[in-house]
Amino acid sequence: MFCFQCEQTAGCKGCMGKAGVCGKSAEVAHLQDQLTGALIGLSKSIKDQETVSDAVWNILIDGLFMTITNVNFDAESIQKQIDAVHAPSIYDLNQVWKYNEDIRSLKSLILFGLRGMAAYAHHAAMLGYQDQEVNHFFAQALAAIGEDLSGDELLPLVLKTGEINLKCMALLDQANTESYGNPVPTTVPLTIEKGPFIVVTGHDLKDLKLLLEQTKDKGINIYTHGEMLPAHAYPELKKYAHLKGNFGTAWQNQQKEFDQIPAPILFTTNCLMPPRLSYKDRVFTTDVVSFPDVQHIDEKKDFTPLIEKALELGGYSEDHEMTGINGGHEVTTGFAHNFVLDHAGEIVEAVKAGKISHFFLVGGCDGAKAGRNYYTEFVKQTPKDSIVLTLACGKYRFNDLDLGTVAGFPRIMDVGQCNDAYSAIQIAVALAKAFDCDVNELPLSFVLSWYEQKAVCILLTLLHLGIKNILLGPSLPAFISPNVLQVLVDQYQIGPISTPEEDLKKLLSK
């Protein structure tokens, strides 16, 4: 196998041999490459067609989604997806992996960005929202990966991927807010109440809504996990009294936190780690998520087996106290663009009055690699008159800290899931408009963590918008060649994190 699409890739070069660091086997890695090749073949045949059926778009988008890190470990389900593609030809992805490193780097940026964007397009489609421009771009960009293009031809397509991802995130934002209302700031407890419960992880709000409906009045409490935390802020989900709180921290701690858990866990999207035997019988997957010998809920979304398992296990006999990474007993979420922009006047006045000195966007993926405590220490050391905007699961490094308030606003504002980078962008654009300046001229710094491909497409969106001086960690992507990295440094001044002290000094001196 060869795979270097995520941050934890072996030796910062690539996973080879019998298995990847994520736990997927060489067989699964090969099938994911074969599926990608089939999608490239399909895309070549449909990229110039004006009309393509929704069924074909769903096959293409779901196929891409299945190849994201920590989504699907099941060879049988991937093979079924390959068979469903009905590609006129299958492109050999080795033509990318074994090609000139700069071309490989640019094609990898496009491919991994498309995989991340596919997750967002999938969630929007589940709620009945599609965008034909976004759909056709998937086909056009995938087809380009299978063509013999120069670096000068590929670089604009890299930035175009970021541009289209912004449209895709806007589509998902519309789908979520029109379906569940605009998020509102909400405090979420971390203690698990006694009695039967179910933990829901991943990102899919529709799956959560369906589960809440099916568990209503059954004496079962529902707890979010990981990237599902922001669900507590949506009015149409908040109204369910048995949506109680949040279980545990970020995805990479699941094998420890789920060990011996007296409840089932539903995985709705990526962030699945190979489950340990101590809780494997309690793991349920749905949609594109799959793992061998784990119970799968099909497209009918009948959660009866999950409900029966929760009642059988019974939950904790007494309230079970859990804390965040820093010992906190509650976290807050729901500071999406609608809330912040409603208070934009107050924020602008606070900045002009010198009450708020700086904004930091500290967010992205969490992960297991050493060095991610950097983000905890960075946030702790930010000036007491600054605000930290955060999103995605990287926030679990510090979201239970009590940093107090500034100008009447909490110093830590959780914007939401990774796709809610759209909210953060809207906030930045609105502030720039209010101050009549460019986003890069705002007292705003981006300090990002990455792990998988959704972080890649968000980074490409920021580059498309011309955002400069982004700090990225804990390590730079293995698939970015030295020459491509130099282009990003020269044009966007992107750079690696160093130490919290040095980075804060640098960012605050601009």
Side-chain angles (χ1 to χ4, degrees), residues 22-24 68-74 77 188-215 218-232 237 240 242-298 301-316 320-324 331 366 368 393 396 417:
C22 68
K24 71 180 176 185
I68 289 179
T69 305
N70 289 12
V71 172
N72 195 305
F73 297 78
D74 183 47
S77 66
V188 183
L190 302 181
T191 296
I192 309 303
E193 296 181 14
K194 66 179 181 179
F197 68 97
I198 295 171
V199 175
V200 185
T201 189
H203 306 71
D204 199 283
L205 299 181
K206 183 177 181 180
D207 281 336
L208 174 61
K209 174 70 157 51
L210 292 171
L211 181 62
L212 287 167
E213 276 293 319
Q214 292 181 37
T215 52
K218 285 187 168 60
I220 299 173
N221 290 328
I222 306 299
Y223 292 86
T224 56
H225 172 265
E227 282 273 63
M228 201 64 87
L229 168 64
H232 291 274
L237 300 176
Y240 291 92
H242 61 301
L243 179 61
K244 288 288 186 176
N246 193 69
F247 182 100
T249 53
W251 68 271
Q252 77 280 357
N253 298 318
Q254 66 188 257
Q255 290 180 328
K256 176 182 178 181
E257 293 176 345
F258 292 163
D259 191 52
Q260 305 299 330
I261 180 176
I265 310 108
L266 175 65
F267 283 84
T268 64
T269 59
N270 58 316
C271 302
L272 169 66
M273 296 177 73
R276 292 178 174 172
L277 289 177
S278 61
Y279 65 88
K280 188 175 181 180
D281 65 324
R282 299 154 207 189
V283 171
F284 292 76
T285 60
T286 192
D287 220 307
V288 298
V289 190
S290 191
F291 196 90
D293 302 319
V294 161
Q295 299 177 78
H296 189 77
I297 305 295
D298 64 20
K301 300 295 182 179
D302 180 358
F303 293 116
T304 299
L306 188 68
I307 293 168
E308 291 176 345
K309 178 63 75 171
L311 293 171
E312 172 195 333
L313 293 170
Y316 295 108
H320 182 71
E321 185 176 294
M322 299 183 72
T323 68
V331 293
D366 205 355
C393 62
Y396 281 101
Q417 295 182 344

Report task. Report yes or no: does Asp204 contribute a side-chain atom to a donor-acceptor pair with the main-chain N or O of Thr269 at less than 3.5 Å? Result -> no
Side-chain contact test, heavy atoms from C-beta onward, threshold under 4.5 Å: evaluate it for Leu311 versus Ile220 and give yes or no.
yes
Sequence neighbours excluded, the answer for side chain to side chain donor-acceptor pair (under 3.5 Å) partners of Tyr316 is none
* What do the steps show when you test Thr286 against Asp207 for side-chain hydrogen bond (donor to acceptor under 3.5 Å, both in side chains), and what is the final call? -> CA-CA 9 Å; Thr286 192; Asp207 281 336; 4.8 Å; no
In this structure, CG of Leu237 is separated from NE2 of His232 (nearest 0.5 Å) by 9.5 Å
Those residues at least two apart in sequence (or on a different chain) that pass side chain to side chain donor-acceptor pair (under 3.5 Å) with Asp259 are Ser278
Rounding to 0.5 Å, atoms CG (Leu211) and CD1 (Ile297) come to a distance of 9.5 Å
The side chain to side chain contact (heavy atoms under 4.5 Å, CB included) partner of Phe247 among Ile261, Ile222, Thr224, Leu190 is Ile261
Correct closest heavy-atom pair for Asp281 and Gln295 would be O-NE2, 3.4 Å
In short, Pro274 meets Gly23 closest at the heavy-atom pair CG-CA, 4.0 Å
Residues 263-290 vs ring pair (Phe, Tyr, Trp, His ring centres under 6.0 Å), sequence neighbours excluded, gives Phe258-Tyr279
In short, Val71 meets Val289 closest at the heavy-atom pair O-CG1, 3.2 Å
Side-chain contact, heavy-atom cut-off 4.5 Å: Ile265 with His225?
-> no
Item checked: Side-chain donor or acceptor of Glu227 paired with backbone N/O of Gln417 under 3.5 Å -> no
Closest non-hydrogen contact found for Thr201 with Met228 is O-CE, 3.9 Å
Polar side-chain atom of Glu193 near backbone of Lys244 as donor-acceptor pair, under 3.5 Å:
no
Closer than 3.5 angstrom, by distance alone: can the side chain of Glu257 be matched with the main-chain N or O of Gly248 as a donor-acceptor pair? no
Residues passing the side chain to side chain donor-acceptor pair (under 3.5 Å) test with Tyr396, sequence neighbours excluded, are Asn246
- Item | Backbone of Pro275 reached by a side-chain donor or acceptor of Gln254 within 3.5 Å | no
Sorted by chain and residue number, the side chain to side chain contact (heavy atoms under 4.5 Å, CB included) partners of Leu313 (sequence neighbours excluded) come out as Pro264, Arg282, Lys309
Heavy atoms of Gln214 and Thr304 approach each other most closely as OE1-N, 4.3 Å
Here the gap from Thr285 atom OG1 to Leu272 atom CG, rounded to the nearest 0.5 Å, amounts to 7.5 Å
So salt bridge (charged side-chain N to carboxylate O under 4.0 Å, His left out) across residues 285-297, not counting sequence neighbours, yields Asp287-Lys301
I'd like to know if the side chain of Ser77 reaches the main chain of Ser290, judged simply by a donor and an acceptor atom lying under 3.5 Å from each other, with no hydrogens or angles considered.
no
- Query: Any side-chain heavy atom of Lys209 within less than 4.5 Å of one from Tyr240?
  - Reply: yes
Are the side chains of Val283 and Phe291 in contact, using a 4.5 Å heavy-atom criterion?
no
Practice problem: Please check if the side chain of Thr191 supplies one atom and the backbone of His320 the other of a donor-acceptor pair under 3.5 Å. | Solution: no
When every non-hydrogen atom of Asn70 is compared with those of Cys22, the smallest separation belongs to OD1-CB, 3.3 Å
I'd like to know whether Cys393 forms a side chain to side chain contact (heavy atoms under 4.5 Å, CB included) with Gln252, so could you lay out the CA-CA distance, the side-chain angles of the two residues, the decisive distance to 0.1 Å, and finally the verdict.
CA-CA 10 Å; Cys393 62; Gln252 77 280 357; 5.6 Å; no
